Amino acid sequence: MPLALIDVLSDHLSEFSSGFWVTVRLVVVSFAIAMTVGTLVAALRIAPSPWLQRLGGVYVEVFRNVPLLVLLFISFAGLRRGGLDISAWVAGTASLGLYTAAYVAEALRSGVFSVGKGQIEASLSLGFTYGQTLRRIVLPQAFRTVISPLGSLTIAMIKNSAIIGVSLLALPDLLKQARIVQSRTFQTDEAFFWAAVGYLLLTGAVTLAIRNLERRFEIRR
Amino acid sequence: MQRNRWRWLCLALMGAALAVFGAGCGDDEEGGGGTPKADVKKFPAGTTLGKIQQEGVITIGVKYDVPPFGFKNPQSNKVEGFDVDLGQAVADALGVKPKFIEAVSDNRIPFLKDGTADLILSTMTINAERVGEIGFSDPYYIARGRVLVKDDSDIKGVADLAGKGVCTALGSTYEENLKKQAPKAELKLVDSYSECLELIQNGAVEAVSTDDVILTGMIIQDDSLKLVGEELTQEPYGAGIKKGDKQMVDFVNEVFSAYKQDGRWPKAYDRWVGRYTGQKAQPPTISVEEGVKLTQ
């Protein structure tokens with residue numbers, strides 16, 4: 001049995017590695033979108049104007065409450081039928097990125113709210129402007145509290161990326177390639193074992209990076 | 001007070017929506033304990049067929065989205081098609097009720113291996129790799145591989161597929177065939193043929209390649225599509241049976257050969273295929289081995 005396990009990998013190394021890199025590319029682009037849009041939406045959510053807050057709220061509720069698979073269908077099949085020539089890559093990374101951005105925005109918002117109101121009032125009364133208060137007092141402390149939730153979100157996003165391959169978009173990501181190997185060799189356990197290892201490599205790397213960041217921004221008690 | 005009322009209204013609306021959705025997906029499976037008829041052959045309790053007779057139900061994996069072989073009729077909510085008729089014939093011969101479950105190209109062989117389905121009738125081609133994995137009945141139908149494009153496409157056959165997006169099902173024989181016959185085509189491998197139809201309609205791929213009968217089913221749904229080129233392959237369909245179950249293979253072959261000889265086969269062909277293509281056909285009389293040779 002262990003021999004069969006290694007055979008499946010060595011016979012289909014090109015499939016597994018191309019699938020792995022497709023997943024890496026999907027995850028990196030989606031992560032960039034999620035962080036950028038997430039930060040913008042979080043900024044709206046904590047903005048002084050109630051209208052901007054509401055706008056951010058609508059974004060979060062829409063993207064957090066629609067299943068990712070539905071987003072993928074709308075952004076690909078739906079937009080294409082509407083006449084927009086969107087590619088599977090753009091639809092996939094945009095859907096995963098925008099979906100994750102809603103969660104990122106909520107994590108950032110809760111981080112900002114974790115900084116006591118007294119500190120903000122003290123800072124303002126000492127003559128800092130609102131922007132300075134945010135930049136110098138609130139955000140450095142907020143960042144420390146959101147490292148861990150952002151790490152969990154990134155790991156969840158890596159795993160969610162597998163939905164893109166099995167959906168209508170049919171991008172050849174790690175899970176898709178494992179299924180192609182499975183359908184060709186009929187070696188189900190072996191093919192999915194290596195897919196799991198591939199995802200574990202990615203999530204493991206993220207876990208290590210998060211630990212490192214946490215250690216660096218630790219409060220020395 | 002005002003606010004409370006709105007909240008109740010919201011809840012009531014949500015409840016109503018749930019009720020509507022709920023009513024839409026009522027019970028749609030036939031099944032349950034049927035009493036074996038007097039004129040059917042009884043099988044000993046220890047065998048697969050004996051067990052099926054004891055339970056009164058045979059579980060048959062069919063396609064749900066491949067007219068005219070196996071598809072779920074949205075009006076009646078029943079599965080219909082050529083494969084379904086054959087499954088019914090097998091169940092009748094056993095004196096049990098058929099329970100049809102959905103088997104897509106990618107999961108039908110695992111279904112047989114893990115016992116989820118007793119029999120697979122899902123437009124499955126008999127080929128050398130699969131013969132090593134599962135048992136097959138004699139071919140009950142021979143389909144031909146073709147290419148489907150939009151009416152205004154300039155693709156004239158398999159030779160023009162280089163650089164074009166081509167959709168077919170993951171785990172189907174076309175994955176390999178297209179790699180051989182059109183190595184430069186960009187394959188989109190999806191789970192079911194209804195996804196291929198969506199992809200060619202929305203323009204994400206330029207062609208779909210699979211069995212002519214499946215493609216004909218797509219043209220029935222969308223007449224802006226057409227078949228082009230010569231046939232790529234011959235695809236003898238066989239019923240899938242768990243590997244090593246000789247009793248079941250023999251029994252299904254018996255049922256099929258009666259079906260082919262007593263006039264039911266041409267009737268089913270006319271009803272499901274001939275009606276759309278205007279063609280007549282004779283049932284195939286080849287064996288599994290000859291079927292495998294056709295696909296090589």
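Order of the sequence lines sets the chain letters (A, B, ...), proteins ahead of strands, with each chain counted from 1. Side-chain atoms are counted along with the backbone in the values below, which use heavy atoms only and exclude waters and symmetry mates. Source: prediction; values computed, not measured.
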Side chains of [X] and [Y], donor plus acceptor under 3.5 Å:
{"X": "B:Ser172", "Y": "B:Glu175", "value": "no"}
{"X": "B:Asp65", "Y": "B:Ser192", "value": "yes"}
{"X": "B:Lys242", "Y": "B:Thr48", "value": "no"}

Taking B:Ala204, B:Pro110, B:Gly132, B:Cys196 one by one, which has the highest count of heavy-atom pairs under 4.5 Å against chain A?
B:Ala204
Hey, is B:Glu129 close enough to A:Arg184 for a salt bridge, meaning N to O under 4.0 Å?
no
For B:Glu198, which atoms come within 4.5 Å of any heavy atom of chain A: side chain, backbone, both, or neither?
both
Region of B:Leu189 in contact with chain A, defined by heavy-atom distances below 4.5 Å
both
Just wondering, do A:Val138 and A:Tyr130 contact through their side chains at under 4.5 Å, heavy atoms?
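Not touching, per the 4.5 Å side-chain cut-off.
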Bottom line for A:Leu169: the part with an atom under 4.5 Å from chain B's heavy atoms is backbone
Measure distances from A:Ser167 to the heavy atoms of chain B and classify the residue's part below 4.5 Å as side chain, backbone, both or neither.
backbone
